[in-house]
Amino acid sequence: MLIAIEQISSSWLVKYPGEIAALSAASLWAVSSVIYGSLGREISPMYLNLFKGAIAIILLGLTLLVRGELFPTVSATNLCLLLLSGSIGIGLGDTAFFAALNCLGARRALLMETLAPPITAILALIFLQERLKASVWGGILLTVAGVAWVVTERTPATEGRPVYLRKGIIFGIIAAISLAIGGILARAAIANNSISPLWAALLRISAAVVSLLPFLRLQQNSFAYKPTPRVFAGIGLAAFMGTYLGIWLQQTAIKFTEVGIALTLTNTAPIFILPISVFIGEKPSIRAILGAGVAIFGIATIFYLG
């Protein structure tokens with residue numbers, strides 16, 4: 001029996017390496033979001049993003065050193081675009097996402113992230129004059145409807161703490177817009193050059209960390225804060241899974257399968273969060289399950305029929 005299971009698993013890995021990598025990335029992002037959500041009670045979103053980024057920089061730097069990848073040849077324009085994408089997409093976007101986690105909980109906040117693909121399509125229409133097909137508009141409406149249906153569901157508390165719906169929705173929208181802008185800038189920067197995904201990730205995360213430093217002065221006793229060993233261990237684990245392995249698996253998915261399939265599957269994290277929510281004591285409603293499915297179907301419509 002075990003031998004048969006191993007043979008099936010091996011054949012799937014050979015036949016669908018990109019799809020499995022994408023689903024693995026989505027599952028890791030779901031788990032890391034739960035960890036970040038629990039840490040949000042003890043550390044501010046800005047500090048959480050800062051420490052997460054610092055750990056990811058160390059891991060990516062060590063990986064590049066072991067692989068012997070030298071600094072890539074990239075034009076000044078593309079380098080600026082890449083750094084700007086990191087400041088907006090990761091610096092602002094992840095900080096807003098962590099704030100949304102504190103307000104909405106991991107399940108709802110992660111579902112808000114699925115708004116990024118529709119927002120990307122709309123931004124492309126506005127700034128790049130790309131005409132959208134009727135099917136794409138249908139996918140956008142499905143995604144927004146699915147997210148709105150879940151997020152506006154009235155529940156007394158999420159993961160043992162109150163839900164701040166209005167504030168959470170605002171932070172979630174900021175995170176999704178920032179992610180979309182960061183993605184557009186990053187694609188513009190790496191589309192026509194040979195920079196590796198790991199170097200691109202390192203440069204973007206480094207820019208995000210640097211962009212956060214000036215704003216730390218706005219927080220009281222900011223430079224006096226020291227995370228407890230428990231908090232630091234949690235950030236390290238979540239950064240390793242969500243930022244380091246998640247990004248690597250995402251790039252692997254894009255390499256071995258069609259971009260539309262890869263991006264659709266990596267956006268299935270809200271599906272993976274449902275069994276995790278049950279495990280930690282939250283009981284997702286039928287409305288939450290159906291709404292997440294509608295949002296994912298909307299994303300698939302955008303990529304496959306667009």
Side-chain angles (χ1 to χ4, degrees), residues 16 18-19 21-23 25-26 29-30 81 85 88-89 93 96-97 100 104 107-153 165-166 168-192 250-251 253-274 284-306:
Y16 305 108
E19 289 82 353
L23 291 172
W29 286 334
L81 287 174
S85 75
I88 296 175
F97 174 69
L104 300 175
R107 179 171 56 84
R108 285 175 163 177
L110 204 55
L111 189 60
M112 290 288 294
E113 289 268 281
T114 61
L115 292 175
I119 291 174
T120 301
I122 293 174
L123 290 176
L125 170 67
I126 295 173
F127 295 104
L128 302 178
Q129 286 76 49
E130 293 184 359
R131 299 184 62 181
L132 303 181
K133 298 179 181 178
S135 58
V136 174
W137 285 114
I140 290 174
L141 291 175
L142 279 174
T143 304
V144 173
V147 171
W149 196 28
V150 174
V151 173
T152 56
E153 181 182 13
L165 189 61
R166 183 176 299 178
I169 290 175
I170 292 173
F171 281 126
I173 292 175
I174 292 174
I177 293 174
S178 301
L179 181 61
I181 294 174
I184 290 174
L185 292 174
R187 284 200 296 270
I190 65 177
N192 298 316
Q250 181 191 49
Q251 299 303 324
I254 292 174
K255 180 178 180 179
F256 287 105
T257 190
E258 296 178 7
V259 176
I261 296 175
L263 295 180
T264 300
L265 293 179
T266 53
N267 274 284
T268 57
I271 301 297
F272 286 97
I273 202 72
L274 294 174
S285 64
I286 298 298
R287 174 174 171 173
I289 297 172
L290 292 177
V294 169
I296 299 301
F297 182 75
I299 293 173
T301 302
I302 293 171
F303 286 125
Y304 288 115
L305 301 181

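Quick caveat: nothing in here was measured; it's all calculated off a predicted structure. The chain is numbered in sequence order, starting from 1. No hydrogens, no waters, no symmetry mates; every other heavy atom, side chains included, goes into these values.
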* Taking every non-hydrogen atom, the tightest pair across Met112 and Ile169 -> CE-O, 3.5 Å
* Asked: Can you name the one residue among Ile177, Leu179, Val144 that meets side chain to side chain contact (heavy atoms under 4.5 Å, CB included) with Ile119?
  -> Ile177
* Return the minimal non-hydrogen interatomic distance between Asn267 and Ile296, and the atom names on each side. => O-CD1, 2.8 Å
* To do: Mark yes or no for whether Arg287, through its side chain, and Trp149, through its backbone, hold a donor-acceptor pair below 3.5 Å.
  => yes
* To do: Enter the distance from Ser178:OG to Ile173:CD1 here, rounded to the nearest 0.5 Å.
  => 11.5 Å
* To do: State, to 0.1 Å, how close Ala186 and Ser85 come at their nearest heavy-atom pair, and which atoms those are.
  => N-CB, 3.7 Å
* To do: Check the pair Phe297, Thr143 against side chain to side chain contact (heavy atoms under 4.5 Å, CB included), reporting the backbone distance first and the verdict last.
  => CA-CA 7 Å; Phe297 182 75; Thr143 304; over 6 Å; no
* Which pair of non-hydrogen atoms, one from Gly168 and one from Ala100, has the smallest distance, and what is that distance? -> O-CB, 3.9 Å
* Separation between CD1 of Ile289 and CZ of Arg107, rounded to the nearest 0.5 Å -> 9.0 Å
* Approximate separation, where rounding is to 0.5 Å, of Trp29 CH2 and Thr268 OG1 -> 9.5 Å
* Structure fact -> Looking only at heavy atoms, the pair that brings Gly298 and Leu142 closest together is CA-CB, 3.8 Å
* Gap separating the CZ atom of Phe171 from the CG atom of Leu104, nearest 0.5 angstrom -> 10.0 Å
* Structure fact -> So CD1 of Ile299 and OG1 of Thr266: to nearest 0.5 Å the spacing works out to 8.5 Å
* Starting at CD of Glu113, measure out to CZ of Phe97 and round the result to the nearest 0.5 Å. => 5.0 Å
* Would you name the heavy atoms of Ala292 and Leu111 that are closest together and state the gap between them? => CA-CD1, 4.0 Å
